[in-house]
**Student:** 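Take a look at the following structure, please.
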Amino acid sequence: MDTRLDQIAHARSHLPQLPAIEAARRELAALDTDIVNARTTAGDVRREVAKSEQDVQLVRDRAARNQARLDAGQGSAKDLQALQHELASLARRQSELEDLELEVMERSEALDAKVVQLDADREELAARLATLESERDAALADLAAEETKVGSGRADIVAGIGAELAELYEKIRASSGGLAAAELKHRRCGGCRLELNNVDLSRIRSAAPDEVVRCEECRRIMIRTAESGL
């Protein structure tokens with residue numbers, strides 16, 4: 001019972017889902033940071049787009065007013081000539097600003113697409129994490145059920161062997177890696193796997209059936225059976 005309970009405890013802390021869950025959580029945290037940064041950058045670039053659109057519109061409006069004055073023939077010939085020069089300058093400026101606006105819009109579209117992809121990646125990762133956590137919970141529930149089943153009769157057994165022997169058993173377990181009692185089989189201790197010498201075998205052979213017999217090497221309690229070779 002105790003060996004199986006130890007195995008259950010070990011299995012509980014070494015479930016394959018546990019490192020996968022921790023890795024997924026770290027990845028999710030990093031992804032959340034990437035999403036925040038990407039959305040912030042995308043927002044900044046969208047403001048750049050709005051500023052570029054505004055700059056282009058200001059030049060267009062100025063050019064439209066000048067063109068209207070030129071078409072109406074308002075002002076002297078010198079003024080009209082100056083308007084023509086300014087219109088040419090405004091056209092070059094508008095072309096430059098529109099190129100800049102196009103470049104900023106392309107960056108904005110790329111960043112928006114990146115945010116969409118990161119959101120999709122996060123949704124996929126969150127679903128994978130939820131699956132891993134569900135598998136972990138199911139495995140823990142199975143282990144808990146088995147632990148209850150295996151350990152249900154342990155108290156009765158402890159009561160049956162007496163407090164003194166139970167205390168000795170627990171002390172040996174604590175100092176022997178969890179294995180306090182082992183079968184003596186074919187003259188070999190089941191704990192340390194060493195074969196007993198004739199002196200020890202003679203001592204055990206002459207011991208009373210209810211006497212607690214311990215291995216001289218590993219100090220574990222030896223359980224005598226018909227296959228002990230005595």
**Student:** Check whether any side-chain heavy atom of Tyr169 sits under 4.5 Å from a side-chain heavy atom of Val158, and report yes or no.
**Tutor:**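 In short, these two side chains do not touch, never coming nearer than 4.5 Å.
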
**Student:** Identify whether Leu15 and Leu129 are in the same connected component of the hydrophobic contact network (ILVMFWY, side-chain heavy atoms under 4.5 Å).
**Tutor:**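 Shared cluster, no.
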
**Student:** Give me the atom names and distance for the closest heavy-atom approach of Gly151 to Leu5.
**Tutor:**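 Minimum heavy-atom contact is N-CD2, 4.2 Å.
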
**Student:** State yes or no: do Val115 and Val104 share one hydrophobic cluster built from I, L, V, M, F, W and Y residues joined by side-chain heavy-atom distances below 4.5 Å, directly or via other members?
**Tutor:**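 They do not share one cluster, since no chain of ILVMFWY contacts under 4.5 Å joins Val115 to Val104.
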
**Student:** Is the shortest side-chain heavy-atom distance between Arg205 and Ser202 below 4.5 Å?
**Tutor:**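 Answer yes - side chains close enough.
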
**Student:** Identify the heavy atoms of Ala24 and Leu132 that sit nearest to each other, and give their distance.
**Tutor:**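 Minimum heavy-atom contact is CB-CD1, 4.5 Å.
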
**Student:** Is any side-chain heavy atom of Leu90 closer than 4.5 Å to a side-chain heavy atom of His85?
**Tutor:**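 A side-chain contact is absent here, since even the closest heavy-atom pair is not under 4.5 Å.
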
**Student:** What pair of heavy atoms forms the shortest contact from Cys192 to Cys189, and how long is it?
**Tutor:**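 Between these two residues, the closest heavy atoms are N-SG, 3.6 Å.
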
**Student:** Run the side chain to side chain contact (heavy atoms under 4.5 Å, CB included) check on Asn66 and Gln84 step by step: do they pass?
**Tutor:** CA-CA 8 Å; Asn66 287 355; Gln84 287 179 330; over 6 Å; no

**Student:** Would you say His10 has more than 12 foreign heavy atoms packed within less than 6.0 Å of its NE2?
**Tutor:**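 Not buried by this count: 12 neighbours or fewer within 6.0 Å.
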
**Student:** Could you pull out the closest heavy-atom pair between Ala182 and Gly190, with the gap in Å?
**Tutor:**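 Nearest pair, atom of Ala182 first, then Gly190: CB-C, 3.5 Å.
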
**Student:** More than 12 foreign heavy atoms under 6.0 Å from CZ of Arg173: is that the case here?
**Tutor:**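 Yes, the 6.0 Å shell around CZ holds more than 12 heavy atoms from other groups.
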
**Student:** Output yes when Arg128 and Glu124 qualify as a salt bridge under the 4.0 Å nitrogen-oxygen rule, no when they do not.
**Tutor:**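 No, no charged N to carboxylate O under 4.0 Å.
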
**Student:** Quick one: do Glu195 and Arg188 make a salt bridge, cutoff under 4.0 Å?
**Tutor:**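 Judged by the 4.0 Å cut-off on N to carboxylate O distance, Glu195 and Arg188 do form a salt bridge.
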
**Student:** Any Lys/Arg nitrogen of Arg220 or Glu217 sitting under 4.0 Å from an Asp/Glu carboxylate oxygen of the other?
**Tutor:**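 Judged by the 4.0 Å cut-off on N to carboxylate O distance, Arg220 and Glu217 do not form a salt bridge.
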
**Student:** Are Glu147 and Arg12 within salt-bridge range, i.e. N to O under 4.0 Å?
**Tutor:**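 Here Glu147 pairs with Arg12 in a salt bridge, since their nearest N and O are under 4.0 Å apart.
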
**Student:** Among Asp119, Asp34, Leu111, whose side-chain contact (heavy atoms from CB on, under 4.5 Å) with Arg39 holds?
**Tutor:**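 Per the side-chain contact (heavy atoms from CB on, under 4.5 Å) rule, the option paired with Arg39 is Asp119, out of Asp119, Asp34, Leu111.
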
**Student:** Between Arg47 and Asp44, does at least one N-O distance fall below 4.0 Å, as a salt bridge requires?
**Tutor:**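 Counted as a salt bridge, because a side-chain N and a carboxylate O are separated by less than 4.0 Å.
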
**Student:** What heavy-atom pair brings Leu70 and Leu83 nearest, and what distance separates the two atoms?
**Tutor:**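 Smallest heavy-atom distance, with atoms named: N-CD1, 4.1 Å.
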
**Student:** Are any non-hydrogen side-chain atoms of Thr225 and Lys185 less than 4.5 angstrom apart?
**Tutor:**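 Not in contact.
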
**Student:** The test is side chain to side chain contact (heavy atoms under 4.5 Å, CB included); show your working for Arg203 and Glu216 and say whether it passes.
**Tutor:** CA-CA 11 Å; Arg203 172 179 59 83; Glu216 291 296 328; 3.4 Å; yes

**Student:** Less than 4.0 Å between a side-chain N and a carboxylate O, is that true for Arg46 and Asp112?
**Tutor:**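 Salt bridge flag = yes for Arg46 with Asp112.
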
**Student:** Given salt bridge (charged side-chain N to carboxylate O under 4.0 Å, His left out), test Glu96 with Arg93 step by step and report yes or no.
**Tutor:** CA-CA 5 Å; Glu96 293 172 357; Arg93 179 59 177 161; 3.7 Å; yes

**Student:** Using the rule that two of Ile, Leu, Val, Met, Phe, Trp, Tyr join whenever any of their side-chain heavy atoms come within less than 4.5 Å, decide whether Val49 and Val56 are in one cluster.
**Tutor:**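 No, no single cluster joins them.
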
**Student:** Can you see which heavy atom on Ala181 is nearest to which on Ile223, and at what distance?
**Tutor:**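 Scanning both residues, the minimum pair turns out to be CB-CD1, 4.2 Å.
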
**Student:** If I take atom CG from residue Leu31 and atom CZ from residue Arg26, how far apart are they, to the nearest 0.5 angstrom?
**Tutor:**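 Nearest 0.5 Å value for the CG-CZ distance: 14.5 Å.
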
**Student:** Is it possible for you to say whether Val116 and Ile35 belong to one hydrophobic cluster, with membership spreading through side-chain heavy-atom contacts below 4.5 Å?
**Tutor:**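 Per the 4.5 Å side-chain linkage, Val116 and Ile35 are not co-clustered.
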
**Student:** Quick one: salt bridge (charged side-chain N to carboxylate O under 4.0 Å, His left out) pairs with a partner in residues 53-62, sequence neighbours left out?
**Tutor:**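 Listed once each, the pairs are Lys51-Asp55, Arg60-Glu98, Arg62-Glu86.
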
**Student:** Is atom CD of Glu167 surrounded by more than 12 heavy atoms (other residues, nucleotides or ligands) closer than 6.0 Å?
**Tutor:**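 Counting other residues, nucleotides and ligands, CD of Glu167 stays at 12 neighbours or fewer.
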
**Student:** Using side-chain heavy atoms (C-beta onward) and a distance below 4.5 Å, is Glu48 in contact with Arg107?
**Tutor:**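 With C-beta onward as the side chain, the pair touches.
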
**Student:** Could you walk me through whether Gln7 and Glu146 satisfy the side chain to side chain contact (heavy atoms under 4.5 Å, CB included) test, starting with their C-alpha distance in whole Å, then the side-chain angles of each, then the deciding distance to 0.1 Å, before giving a yes or no?
**Tutor:** CA-CA 11 Å; Gln7 291 171 346; Glu146 184 181 1; over 6 Å; no

**Student:** For the pair Val45 and Met105, evaluate side chain to side chain contact (heavy atoms under 4.5 Å, CB included) and give the outcome as yes or no after the intermediate values.
**Tutor:** CA-CA 8 Å; Val45 175; Met105 290 178 66; over 6 Å; no

**Student:** Honestly curious: do Leu165 and Val213 fall in one hydrophobic cluster under the side-chain, below-4.5 Å linking rule?
**Tutor:**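 No, Leu165 does not connect to Val213 through the hydrophobic network.
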
**Student:** Is there a side-chain contact between Lys114 and Thr41 (heavy atoms, below 4.5 Å)?
**Tutor:**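 Lys114 vs Thr41: side chains apart.
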
